[in-house]
Amino acid sequence: MPQSSLPGDVRPETLSHLYRTLRLIRVVEEEIARVYPSDKIKSPVHLSIGQEFISVGVCDALEPRDRVSITYRGHAAYLAKGGDLKAMIAEMYGKRAGCAQGRGGSMHLVDMQAGVIGASAVVGTSIPVATGFALAARRRKTGAVVACFLGDGASEEGCFYESLNFAALHKLPILFVCENNGYAIHEPLSKRWATDRLTERVATFGIPAEKLTDGDVFTVRNAAKAAVGAMRAGGGPAFLEVACYRWQEHVGPNRDYDQGYRPAAELAPWVANDQVARLAGLLNPAEVERIDAAIARTVAEAFAFAEETPFPDPEDLYDHVYA
Amino acid sequence: MPQSSLPGDVRPETLSHLYRTLRLIRVVEEEIARVYPSDKIKSPVHLSIGQEFISVGVCDALEPRDRVSITYRGHAAYLAKGGDLKAMIAEMYGKRAGCAQGRGGSMHLVDMQAGVIGASAVVGTSIPVATGFALAARRRKTGAVVACFLGDGASEEGCFYESLNFAALHKLPILFVCENNGYAIHEPLSKRWATDRLTERVATFGIPAEKLTDGDVFTVRNAAKAAVGAMRAGGGPAFLEVACYRWQEHVGPNRDYDQGYRPAAELAPWVANDQVARLAGLLNPAEVERIDAAIARTVAEAFAFAEETPFPDPEDLYDHVYA
Amino acid sequence: MTTSTPEGRLLRYVDALCEAFAQEMRRDENVFVFGLDVDDHKAIQGSTRGLLDEFGPERVFTTPLSEDAMTGVAIGAAMSGMRPVHTHIRMDFLLLCMNQLVNIAAKARYMYGGTVSVPMVVRSMIGKSWGQGAQHSQALHSMFMHVPGLKVVAPSNAYDAKGCMIAAIRDDNPVVFMEHRLLYPTEAYVPEAPYEVPPGKARVVAPGDDITVVGISNMVVECLRARELLAEVGITAEVIDPIWLTPLDVDTIVESARRTRHLLVADNGWTACGAGAEIIAGVLERAGPDAGIAVKRIGFAPTSCPPSPPLEAQFYPNPGTIAATVHAMVRPRSSGWRPDPERAKLAYQTQFRGPF
Amino acid sequence: MTTSTPEGRLLRYVDALCEAFAQEMRRDENVFVFGLDVDDHKAIQGSTRGLLDEFGPERVFTTPLSEDAMTGVAIGAAMSGMRPVHTHIRMDFLLLCMNQLVNIAAKARYMYGGTVSVPMVVRSMIGKSWGQGAQHSQALHSMFMHVPGLKVVAPSNAYDAKGCMIAAIRDDNPVVFMEHRLLYPTEAYVPEAPYEVPPGKARVVAPGDDITVVGISNMVVECLRARELLAEVGITAEVIDPIWLTPLDVDTIVESARRTRHLLVADNGWTACGAGAEIIAGVLERAGPDAGIAVKRIGFAPTSCPPSPPLEAQFYPNPGTIAATVHAMVRPRSSGWRPDPERAKLAYQTQFRGPF
Ligand SMILES: Cc1ncc(C[n+]2csc(CCOP(=O)(O)OP(=O)(O)O)c2C)c(N)n1
Ligand SMILES: Cc1ncc(C[n+]2csc(CCOP(=O)(O)OP(=O)(O)O)c2C)c(N)n1
Ligand SMILES: [Mg+2]
Ligand SMILES: [Mg+2]
């Protein structure tokens, strides 16, 4: 992967901000993986370790009023958009203080205040819902936009194409971001895609579409800023396909290079290009230490909170079935 | 529309054969329209008058062992593939001798012997089914192919894209033919398509795709022959988008240019380019007379048969629910 | 006929629906109506007539043929505070929307811990007769009644059509709104001012002592005709219209059935795991065996819907078959009485003429 | 446990399924197994283990994430004479396939006048417990039971798993095959030679006189445990496994309920318009009020499935709640008996550990 050097226009506070978010996500997910064997998190977890740079780059182009539609592999986007950490971990522990009061679980993180509009565990099916949010934003002329994350597998669902056509037809302010990590569970693209021309295909809807392959958080951020800027000015949807790699197993806390479906050699270049380490290297060590220490505290607090905060009362089972 | 003159390679018997089929379909549908007000055909009819050249051109490239998947606007393709006329009219009359024993109606014509595998009245949803027939053909290495007709509106359903990807991924012998008449009921393309780049989009699946706009039965036939030839040689799917025009109202026997959703001016060039009249002009009058007379007899017989053949016995309601 | 109040004007079912849309769209600018063909000159049989002119293409628009995604779009718009009314000209097409409706619309509020609501209405029309065939004739309400988080309503007359639609639009939950093509021309007295026919209350549309007959959607009309035929042989049937299928007012039905000791549910759908099964099971769980209630269901024949007229006639329940079924339940010992089929016909059925 | 014959070896449910596929694929080359992940190293929890090696990628292959179209592909392949087995790791995903299954697979034979058949099997697994949540836990059998043209089966043990799968593959109609994730490790005696557990015959898995308890899918196991708990207080429950839900063997249930005069259906799905409603309505239509049968349903709570452990525990019926419900039905006057919750636990539930 060609490593683009740090763009000149990046201000120091931006750099530390991006690092802080990348690092927070990484530490949170590593802690989830550490705690997982204790079986306190009774919920399937899909870690995004190694893919954080996409969420961080995209969400840096967003404002609080903007929305993100995430996936079941959504810890990174949830946190990058400012989703509440304590509520997230509490949700994974199935606690009442969870962001969905224990009714969502790891696959359905939500934080409407922060603009995280939720996730579907039925792959791809959150895409039309995100498009509906964009329709409402356009109707209200608020200038707000929606970023909709999806995986390479999700792009195989018909509703993805239906949504693209509708979003382009109505010039909706939505940025579709395909996190292409090359696999759906254990199945490689070669068994699922007739061709590797997704970006080109999306462009035929009249949607500006770009494929980013350098694994660089700044590349993603700049592309997202450009796309979102055009939308706020009244432009329609945009599309980014971002190459990335899932370091851990599809679901669960471990690595799975011993399973035979993919070689560890695939991982190496991505680790070499790890954006968390890269940005740490671009900051001065003292600041890195400060940030890391603060994050360590925050994360420890969040897990401690999740541990002690109470479970929902079984009698509350029927709450929220109807509004 | 630029009118391509008769290709040199067309043999006289081909010419009369094509004319006979075009004319048969036209006469049958005109007779349906004539009989319709009598309310003997208690079933919604979607006439293809003016669009016959597509079915005729495509089916001329097919062999008896090949299959066609038709739509609820499928009279033309049913007849062009050799579907039984008497059984078709009897089906419209709801008679036991109908091609579906009165259980299908006008929207679900079928003739498995002739390779007409049926139609769905849920727009677009026959596309994956046709793809399944192609999978079976490929598995059996028979060399047989499937032609799958769909409308411009059907191309908006997600299952169309899902089918394209799967057919291309598995190199299935299926020719997708989009009859683009510019409307879905009364809604023009401009209200449904973000762009008019369907053919280009289909090509991104690695599928040879061509857009035909001259309304010429020979153009369609040649494109279909080329595509089908490649498939029999082991090639994968192909796609044709064929511009055409629906002369009559969406459903029912009448014209509807007085309804205000489309101007009669749209129709004029298509009438001027009517392939039935054109081919009649290319044959010698005596032969045309012979053919027309024979068709008149056949069609009269079919309607007479439909009239007198009995209705199903109400007691037979439960037949064919399960195999 | 089933109007609970003579106030208002005689209005057709289809016009009552249209009036509900117009009034709610005036009241709340978050309400919008979309779906295939809502904006064309036929205006969904007239049920959206005039809306485009009054409210413009931003609030009244057609869509691509993409029912699955369009349902998701409605959900997303609803989650962000709008009130979409998504229209389908046939209920059969909702089968393309099941994932969005069941996996997302029904679950969003619960799954997201009460932090969102999904105030949307899904309109769909049941097609009947005149060769509609297997895929343009289904009434799939029981599939939606099965799913917590959805509400389901099936008005049988113009008065309820307007009141239920207004209630559905104002409801903060996803509502599956079932209309019936053959009811569109039927008239009832409809108040001009907006009003709600709220969820969860059934209506006794005609009193009786010998049997409780529950009719669903257009079956209410057919049950009332059957009631007339039965009156001639001295059987009085109490006809109940549940109106809302979710939430379902079982109590009103139990109360009646305890008295009549006979319960027939005439559904305009298949009976297996249908609304009739739910009503019967619900009533008998509450009433218990000592109430001694005889029960029966009548509905679509367990086949796909055939277009051929004689088969189609056999496929549907009608006043004649309903009356005959009631007679056999109430007077089991007197053998197979049937009303004159001609007299059992319904006005609107003899009128109806296609294509659609 | 519920094996009707001690012949054969002890085999796990998951291995019994796998054996059925292998034997049928050897017998008939038209049989093929496809669906997401059937060919990966996890082999759908082992249920497709070894098939790729023996039969190759033409007959054992994964697909894109395109459940809707893949269902249509299965239908088309079946209509042209092949016998596809389409696999889904969760039944929830069938909501993406409803149009193809209900509008086409179920209707093709009828709609085409008997000129085609659709011999396909749709396998899906019901997920339970351990935070599966709202969209990975549904059992949607009643939606399919509602539709003429489909068959539905839900084996509760390894013996039936093999026999029903072989019968389903050989059946010339579309069969919705419901598996349960928590049953996969459970063992039963399974004959080595191929055999069919044919449609339409229920099985009395344990005799009793005080009540008839019908259990669906894994609920059979939970009902048997409840039966043990009830035996300790002198109540004998007759437990019936319908095995096939369409066609449904109501007669066997009626016969038992006439004798016990109490009928409880424990479903592993929602009760509204569910399999329990159908069974109760079907039984009482046949038995009539004079049989004096008390009826009740127990199933999923009417909510989406919550992942939080205490809520999840409340959401599902279990041997304790089943036993308590039976006790209240059989001894209405003696107030609220409940078995010790600890003892009500099921072995496999205490064992199960995620992620999936
Ligand atoms: C509609 C649907 N089909 C299948 C599954 C099972 N499944 C869960 S995650 C997954 C892979 C999705 O791949 P992708 O979209 O690339 O996302 P990634 O996991 O790689 O981030 C699959 C097939 C599902 N949850 N939903
Ligand atoms: C899934 C679905 N949505 C809507 C309809 C109603 N409908 C019937 S025909 C039609 C138009 C289809 O247009 P197109 O595919 O271009 O075919 P054409 O009628 O022009 O030949 C529509 C919207 C339907 N039958 N099925
Ligand atoms: Mg992926
Ligand atoms: Mg068209």
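Naming: A, B, ... by sequence-line order, numbering from 1 per chain.
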Least distance between heavy atoms, A:Lys191 atom then B:Leu169 atom |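 In terms of heavy atoms, the two residues are closest at O-CD2, 3.3 Å.
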
Measuring heavy-atom distances to chain A, does B:Lys171 have an atom under 4.5 Å in its side chain, in its backbone, in both, or in neither?
->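 Contact with chain A: none, neither part.
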
Per-residue contact mode, B:Ser190 against chain A (heavy atom under 4.5 angstrom) =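 Interface part for B:Ser190: backbone (N, CA, C, O).
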
Tell me, out of A:Ala203, A:Gly158, A:Ala194, who's got the most heavy-atom pairs with chain B below 4.5 Å.
->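 Among the listed options, the one with the most contacts to chain B is A:Ala194.
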
N/O donor-acceptor pair under 3.5 Å between A:Asn165 side chain and B:Arg192 backbone =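 Yes: the side chain of A:Asn165 pairs with the backbone of B:Arg192.
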
Atom OG1 of B:Thr195 and atom CD1 of A:Ile207: how far apart are they, to the nearest 0.5 Å?
->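 It comes to 9.0 Å.
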
Are any non-hydrogen side-chain atoms of B:Glu157 and A:Glu162 less than 4.5 angstrom apart?
->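 Counting from C-beta outward, B:Glu157 and A:Glu162 do come under 4.5 Å.
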
Any side-chain heavy atom of A:Arg201 within less than 4.5 Å of one from B:Phe205?
->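 Yes, at least one pair of side-chain atoms sits under 4.5 Å.
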
